[in-house]
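One structure below.
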Amino acid sequence: MKQAGKIVRIVGLVVVSVAVLMLIILSAATKPSSGDKVWDSRTTVGSLNAKNYYVQYTDLACPYCSVFSRNLMDNFEEFKRDYIEGKDILYEVRVTDFLYEYGEHKTGMSRWGAAGTYCATQEDKFWEYYHAALKSLWKDYHSKGIGVSKESPMIEDMTKDYWVKIGEKVGFDKAEFASCMDSGETVEAIQKNTAKAAKSANGMPYFVFNKFVSSGFDNNWGWDYVKEYLDAGLRAN
Amino acid sequence: MTSGGKKSWLDKWLEGLGLAFTGLKSAMRTRRFWGFFVLTFIIFGTLLNLLGGGTASFSLLAVSGFGGKMKIILDAFLGLFGIGQFFLDWLVVFVVTFLQATLIGAIGVAWKRNKDQESLQSSGIVAGLAILGSGCPTCGTALITPILATIFSTGGYAIAGVISRVITLLSVIVALFALYKVGNGLNGCRLNLKEKK
């Protein structure tokens with residue numbers, strides 16, 4: 001009798017564990033597409049009237065977001081040819097400061113990255129700044145194994161100036177760009193966007209590719225997996 | 001270190017450790033142990049690697065074709081041997097998987113000998129903790145995050161990183177403790193079997 005009770009307890013434990021795991025996976029992975037509309041056409045690539053609409057929520061302080069975005073950047077010509085033009089996709093990148101607002105540490109990196117991107121977008125230089133930022137992060141940290149995953153050493157020496165310098169590289173005036181990053185209007189706009197993103201996103205990166213919705217990306221994945229995501233969106237339409 | 005003929009807790013613990021090693025060594029000589037070990041190592045390790053990017057793998061698995069599904073699972077399996085993995089990420093997954101596989105292997109042998117159910121519960125706890133510690137807490141995609149977010153609202157994101165690391169560490173501690181216990185149990189069984197002979 002005692003033996004049977006123990007077995008029932010074990011079976012119960014297993015059933016509850018599986019149920020909790022399934023709930024987590026379902027809640028994290030299958031949020032419905034909310035019929036998103038373009039937030040800012042300057043952060044898109046593709047026709048605004050495209051048949052397929054893809055949205056990527058990201059945060060420049062999130063290493064897993066960088067892996068996805070860097071793969072996309074490194075294969076941008078193929079991406080544009082085979083997907084944007086070939087499959088008629090409108091692709092929008094929404095940069096947030098999700099990790100600053102909700103993250104473990106109030107790291108400035110997330111806010112500064114979002115601020116720099118916002119200021120560049122106002123001058124219609126989103127893609128130039130975004131790609132320059134990804135390249136800088138790779139060169140200075142990620143290629144050295146810093147800030148690439150939860151087990152790796154963290155980025156400790158990040159300053160606002162790092163993001164201003166990226167602005168300079170893209171062609172902005174240093175003082176003006178720094179002033180834009182600090183302005184109340186910039187901070188307000190970022191906070192508003194991040195709050196909107198957090199209504200659906202559980203974490204970063206977050207993808208709404210047509211009806212395919214997914215959160216997260218493995219930092220060991222490459223361009224082949226980015227294509228899996230892009231194809232998944234096409235299949236889910 | 002003894003006082004008044006009584007053994008200190010350290011002596012007892014070290015003695016127990018020696019006995020646990022002997023018990024585990026005896027279990028490792030059985031085919032049953034290696035059967036359970038290999039099966040657990042492959043299944044559990046692949047699962048942990050699949051969860052490395054939060055729920056991303058499962059989202060992809062749900063919509064990929066057969067070839068795509070096989071590629072995702074194969075890559076997760078190969079990740080167990082460090083292929084395409086960052087060293088530190090791989091090391092954590094490998095250690096937890098190795099301990100869990102050893103534990104299940106030992107329990108497989110102990111189960112046959114004395115139906116040790118408490119250890120089986122421990123292995124469930126180790127697996128649960130290791131899985132909950134998966135994903136990227138920094139990005140808010142760790143499996144623990146939705147639970148914490150439900151309890152603490154958005155404040156849950158802020159503590160997910162710490163909790164995720166703590167529960168991964170806990171899974172290692174629980175596994176070591178369970179191995180100590182199972183090893184001792186196995187050693188007892190080994191002596192009983194000798195006496196019967």
Side-chain angles (χ1 to χ4, degrees), chain A residues 3 6-7 9-10 13-14 17 20-21 23-30 59 61-65 67 98-99 101-106 145 147-154 198 201-207 212-222 224-225 228-229 231-233 235-236, chain B residues 49-50 52-60 62-65 68 71-72 75-76 79 83-92 115 117-118 120-121 124-125 127-128 131-133 135-147 149-150 154-162 164-165 168:
Chain A
Q3 190 95 329
K6 273 190 175 178
I7 290 172
R9 274 217 311 275
I10 293 169
L13 192 73
V14 170
S17 306
V20 168
L21 186 64
L23 270 176
I24 293 169
I25 289 170
L26 287 173
S27 71
T30 57
D59 185 316
C62 153
Y64 293 48
C65 305
V67 175
F98 192 90
L99 302 190
E101 293 291 346
Y102 307 111
E104 187 179 352
H105 311 287
K106 284 276 175 194
V148 288
S149 73
K150 66 173 177 171
E151 310 299 346
S152 71
M154 288 171 69
N202 301 303
M204 295 288 132
Y206 186 71
F207 307 93
F212 172 70
V213 180
S214 180
S215 186
F217 192 74
D218 196 303
N219 59 342
N220 299 299
W221 288 348
D224 51 343
Y225 274 92
E228 284 284 343
Y229 268 63
D231 292 335
R235 279 196 294 270
Chain B
N49 275 331
L50 281 174
T55 53
S57 295
F58 291 96
S59 306
L60 269 186
V63 295
S64 294
K71 178 183 161 40
I72 294 164
D75 283 348
I83 297 169
Q85 301 275 313
F86 285 107
F87 178 73
L88 286 171
D89 292 348
W90 168 78
L91 190 68
V92 170
K115 304 273 187 277
Q117 284 150 354
E118 270 184 41
L120 197 62
Q121 288 176 13
I125 292 168
I131 287 168
L132 278 178
C136 172
T138 317
C139 312
T141 59
L143 291 190
I144 189 79
T145 312
I147 297 175
T150 306
T154 49
Y157 291 108
I159 52 172
V162 176
S164 172
R165 282 180 192 95
T168 302

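Proteins get letters first, then strands, A, B, ... in listed order; numbering begins at 1 in each.
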Checklist line | Minimum heavy-atom distance between B:G68 and A:E228, given as atom pair plus value | finding: CA-OE2, 4.1 Å

Next item on the list: For A:S152 and B:L88, work out which heavy atoms get closest and say how close.
Entry: CA-CD1, 4.1 Å

Check: What pair of heavy atoms forms the shortest contact from B:V63 to A:A232, and how long is it?
Finding: CG2-CB, 3.5 Å

Checklist line | Side chains of A:F212 and B:L60 in contact at under 4.5 Å (non-hydrogen atoms) | finding: yes

Checklist line | Max heavy-atom pair count under 4.5 Å with chain B, selected residue of A:D231, A:D224, A:D218 | finding: A:D218

Margin query: Tell me every residue that passes salt bridge (Lys or Arg N to Asp or Glu O under 4.0 Å) with B:D75, counting only those two or more places apart in sequence or in another chain.
Written below: B:K71

Margin query: Which atoms of B:I72 are under 4.5 Å from chain A, going by heavy atoms: the side chain, the backbone, both sets, or neither?
Written below: both

Notebook entry, point to check: So, for B:A56 and A:Y229, which heavy atoms are closest and what is the spacing to 0.1 Å?
Noted result: CB-OH, 3.0 Å

Next item on the list: Against chain B, label A:D59 side chain, backbone, both or neither, depending on which of its atoms sit under 4.5 Å from a heavy atom there.
Entry: neither

Notebook entry, point to check: What's the spacing between A:F217 CZ and B:S59 OG if we round to 0.5 Å?
Noted result: 12.0 Å

